[in-house]
Engineer: 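Sharing a structure with you now.
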Protein chains: 2
Amino acid sequence: MRVRLEDVARAASVSPKTVSRVLNDEANVSDTTRKRVLAAMEAMDYRPLPSARSLAGNRSFLVAMLYDNNDNPASTYLAEIQDGVLEACDSHRYSMMVRPLRMRGDDFIRRLDALISDHHPDGIVLTPPITDYAPLLKRLRERNVPYASVSPRTRDGNIGVTMDEQQAARTIVEHLLSLGHRRIAHVEGIADHGASVWRLAGYREAMAAAGLTVDPALVVQGAFTFSSGVAAARQLFALAERPTAVFAANDDMATGVMWAANERGLKVPQDLSVCGFDDIPLASQLWPALTTIRQPSREMGKVAALQLLEVLRGRGHGQLQQMPFSLEIRGSTAPVP
Amino acid sequence: MRVRLEDVARAASVSPKTVSRVLNDEANVSDTTRKRVLAAMEAMDYRPLPSARSLAGNRSFLVAMLYDNNDNPASTYLAEIQDGVLEACDSHRYSMMVRPLRMRGDDFIRRLDALISDHHPDGIVLTPPITDYAPLLKRLRERNVPYASVSPRTRDGNIGVTMDEQQAARTIVEHLLSLGHRRIAHVEGIADHGASVWRLAGYREAMAAAGLTVDPALVVQGAFTFSSGVAAARQLFALAERPTAVFAANDDMATGVMWAANERGLKVPQDLSVCGFDDIPLASQLWPALTTIRQPSREMGKVAALQLLEVLRGRGHGQLQQMPFSLEIRGSTAPVP
DNA sequence: GTGAAAGCGCTAACAG
DNA sequence: CTGTTAGCGCTTTCAC
């Protein structure tokens, strides 16, 4: 009933080991033999049994994608990354599993260990902010589990994918400046996330380049969530001298800012310009649609996974690739009143 | 280095087979022996190797969640379902994999076969609208792959989870009626999806119960997407006699309706009441926040997976459980002007 | 209630 | 370039 490697071997008149070689793209098989074996596989619709391959070969052909479900409430951003990772894994016949890993509490190393011992992934794709937890990275290295990161905070030793977020932030703030805005506020993300650091830096850089000093009251702490955006905006609107524009460190917070503006009776963009970062689908569904930085999340997931797969397949060491961003100008930003 | 079942057996002074029995919760092990074995496992931090278990036992301990990535652009709804399924699988030490399966084209049976042959899932969780493709269900039965469904269109032979969507739709329309609305429009989802059928039926039922005849022009075709909601709303707004309220078959389309209202200069809820279905996070982030039916998606994913697991673990046949819904009244609905 | 023997389908290590 | 041999770590079958 089930076609086994041995059956293919018999059909192609070679030894099982040779079929195994062909299956695993190994060298030391003559072209004619290889073709004959491939033909037999095709003809018999042979499907190697993953468990047998794993047991004998001591590898799982499994990639695990880790995310922090603490700071990331099932966001669209992650869903897009996941999609890209899956596509990359599929293209090399690896399977993928998705795993939340709460970073809160210091037993996360134990949980990481359990994950590895229970599922034996050959490699791991890390998403922000997990990309930057030193103890976690250390443990992965100790246990010799290769990993690739999406938007890690530093380059050192990391493979995966990045985007020039600081430059992107600077670009969007320059857009506000070009509209005549001077009192531009920033709603920060969770302080130690790379994304927050870069986006804040880009904001400051653009302001400085325009010769403006940033009023400290205009930089408000947020936490990447919708409700933190609402809270931050309320704080800004209570200021004696209100900002005329707000750059929020992500779209969720920008949505919160717009919500709070509505609540306060402020018209966007007439009374207040608002912009975000990420270009989640919601951004173009708001009224007015949100001016934001488009980040090619799906592609980024794919590229990160491909770097990892290069390592897993013994094809190289993997790179840290940089992806382009784009400024999406929509209805939420307008010239200063 | 790695602790094997054999090592546990030695430590507990029993045979490997007995440890295996304990591991698999089989009968025919005395209580004392069982305890001794469990203690040894615990002490040695024994982790069975999935591939060895799969190879010998001919099962993968893998559940695959299938979704149609054609009609479902990485929606939040699916992310929540996925979360619930994952939790259920985790609780029984099963792994989970997520797989898109485009229903377009008639080679999807081939792709389904490949999926099964390549990954050998022990069971499958189906999400709408895949729950209702007869050829797919037939194939799963032929190949003897157990499955459970989230919101299947019919009860017959299905296990998993449902919600009384028709009753829910009726409830939300009754809410509009109680606000004095009479010209209530409905934006339908993709015609042959169960969700569309039920929600439309609930709408008609509520209207009929109120003694109202539905103007055919007030029922507009949509496709569950934001942009289809925009298009449907434009059509409704062009009517000689505009509706005073719109019930869209899901939140994405309701968002589109609100967007189109803004575009047209109509104030929600003063000029137009709008409501949706699902309660995706976005619903409470819009301004005004969207009145909708809350569907406990995460719980539903979990319950569906638990039914499947019951079958996989030989514990029973699984049920089709019904979950409760709730009407979330928010700012997008108000008394008729 | 417990154990001994015989594989599951594949690959590693070697030999040629 | 190709084949032989011996497992990988678990479960099955069957015996006791």
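Naming: A, B, ... by sequence-line order, numbering from 1 per chain.
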Engineer: Take atom CZ of B/Arg59 and atom P of D/dG9, then tell me their distance rounded to the nearest Å.
Structural biologist: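 From B/Arg59 CZ to D/dG9 P: 20 Å.
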Engineer: Hey, are B/Arg298 and B/Glu80 close enough for a salt bridge, meaning a charged N less than 4.0 Å from a carboxylate O?
Structural biologist: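 Salt bridge absent between B/Arg298 and B/Glu80.
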Engineer: Tell me which nucleotide among C/dC10, D/dC10, D/dG3 gets nearest to the side chain of B/Pro48.
Structural biologist: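 Nearest listed nucleotide: D/dC10.
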Engineer: Quick one: on DNA chain C, does A/Glu6 or B/Asn28 contact a more 5' nucleotide (nearest heavy atom)?
Structural biologist: B/Asn28
Engineer: Under 4.0 Å: is that the gap between some side-chain N or O of B/Ser20 and OP1 or OP2 of D/dT11?
Structural biologist: yes
Engineer: Is it the case that more than 12 heavy atoms not belonging to A/Asn58 sit under 6.0 Å from its CG atom?
Structural biologist: no
Engineer: Between D/dG9, C/dT11, C/dG9, which one does the side chain of B/Ala56 approach most closely?
Structural biologist: D/dG9
Engineer: Measure NZ/B/Lys35 against C1'/C/dT2 and give the value in whole Å, please.
Structural biologist: 18 Å
Engineer: CE of B/Met44 versus P of D/dG9: gap in Å, rounded?
Structural biologist: 14 Å
Engineer: May I have the distance from B/Leu5 (atom CG) to C/dG7 (atom P), rounded to whole angstrom?
Structural biologist: 20 Å
Engineer: Taking the minimum atom-to-atom distance to the side chain of A/Leu49, which one of D/dT11, C/dG9, C/dG3 wins?
Structural biologist: C/dG9
Engineer: Of the nucleotides D/dT4, C/dC10, D/dC1, which has the atom closest to the A/Ser15 side chain?
Structural biologist: D/dT4
Engineer: Indicate whether any N or O donor in one side chain lies under 3.5 Å from an N or O acceptor in the other, for B/Arg153 and B/Asn158.
Structural biologist: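 There is no such pair (donor and acceptor under 3.5 Å, judged by atom type) between the side chains of B/Arg153 and B/Asn158.
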Engineer: Looking at C/dT2, D/dC1, C/dC8, which one has an atom nearest to any side-chain atom of B/Leu55?
Structural biologist: C/dC8
Engineer: Is there a side-chain contact between B/Tyr46 and the phosphate of D/dC10, meaning an N or O under 4.0 Å from OP1 or OP2?
Structural biologist: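 Indeed, a polar side-chain atom of B/Tyr46 lies that close.
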Engineer: In whole Å, I'd like the distance from the CG atom of A/Asp25 to the P atom of C/dT11.
Structural biologist: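 Taking CG of A/Asp25 and P of C/dT11, I get 12 Å after rounding.
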Engineer: The side chain of B/Glu26 is closest to which nucleotide in this list: D/dT12, D/dC14, C/dC10?
Structural biologist: D/dT12
Engineer: Step through the shown structure and confirm whether more than 12 heavy atoms of other residues, nucleotides or ligands are within 6.0 Å of CZ on B/Arg102.
Structural biologist: no
Engineer: Taking 4.0 Å as the cut-off, does a side-chain nitrogen or oxygen of B/Thr18 come that near to OP1 or OP2 on C/dT2?
Structural biologist: no
Engineer: Any base atoms under 4.0 Å from A/Thr33, or only sugar-phosphate, or nothing? Heavy atoms, all strands.
Structural biologist: sugar-phosphate
Engineer: Counting only side-chain heavy atoms from C-beta out, which of C/dT2, C/dC8, D/dT11 sits nearest to B/Leu23?
Structural biologist: D/dT11
Engineer: Does OP1 or OP2 of C/dT11 have a side-chain N or O of A/Arg53 closer than 4.0 Å?
Structural biologist: yes
Engineer: Check the distance between C/dG9's P and A/Asp7's CG and give it to me in whole angstrom.
Structural biologist: 9 Å
Engineer: Checking side-chain polar atoms at under 3.5 Å, does B/Ser51 have a donor or acceptor matched by the opposite partner on B/Ser54?
Structural biologist: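 Per modelled atom types, B/Ser51 and B/Ser54 side chains form no pair under 3.5 Å.
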Engineer: Answer yes if the side chains of B/Tyr67 and B/Arg99 hold a donor-acceptor pair under 3.5 Å, and no otherwise.
Structural biologist: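 Absent: no donor and acceptor within the cut-off.
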Engineer: Take atom CZ of A/Arg10 and atom P of C/dC10, then tell me their distance rounded to the nearest Å.
Structural biologist: 12 Å
Engineer: How would you label the contact of B/Arg2 with the nucleic acid (heavy atoms, under 4.0 Å): base, sugar-phosphate, or nothing?
Structural biologist: sugar-phosphate
Engineer: Using a cut-off of 4.0 Å on non-hydrogen atoms, how would the nucleic acid contact of B/Pro16 be classed: base, sugar-phosphate, or nothing?
Structural biologist: nothing
Engineer: Between C/dA12, D/dC1, C/dC10, which one does the side chain of A/Lys17 approach most closely?
Structural biologist: C/dA12
Engineer: Below 4.0 angstrom from OP1 or OP2 of C/dG9, is there any side-chain N or O of A/Ser51?
Structural biologist: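 Answer no for this pair, as no side-chain N or O of A/Ser51 is under 4.0 Å from OP1 or OP2.
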Engineer: Under 4.0 Å between any heavy atoms, over every strand shown, what does B/Asn24 touch: base, sugar-phosphate, or nothing? Just pick one.
Structural biologist: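 The residue B/Asn24 makes sugar-phosphate contact but no base contact.
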Engineer: Does any donor-acceptor pair link the side chain of B/Arg21 with the base of C/dG3 at a separation under 3.5 Å?
Structural biologist: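 Under the 3.5 Å cut-off, the side chain and the base do form a donor-acceptor pair.
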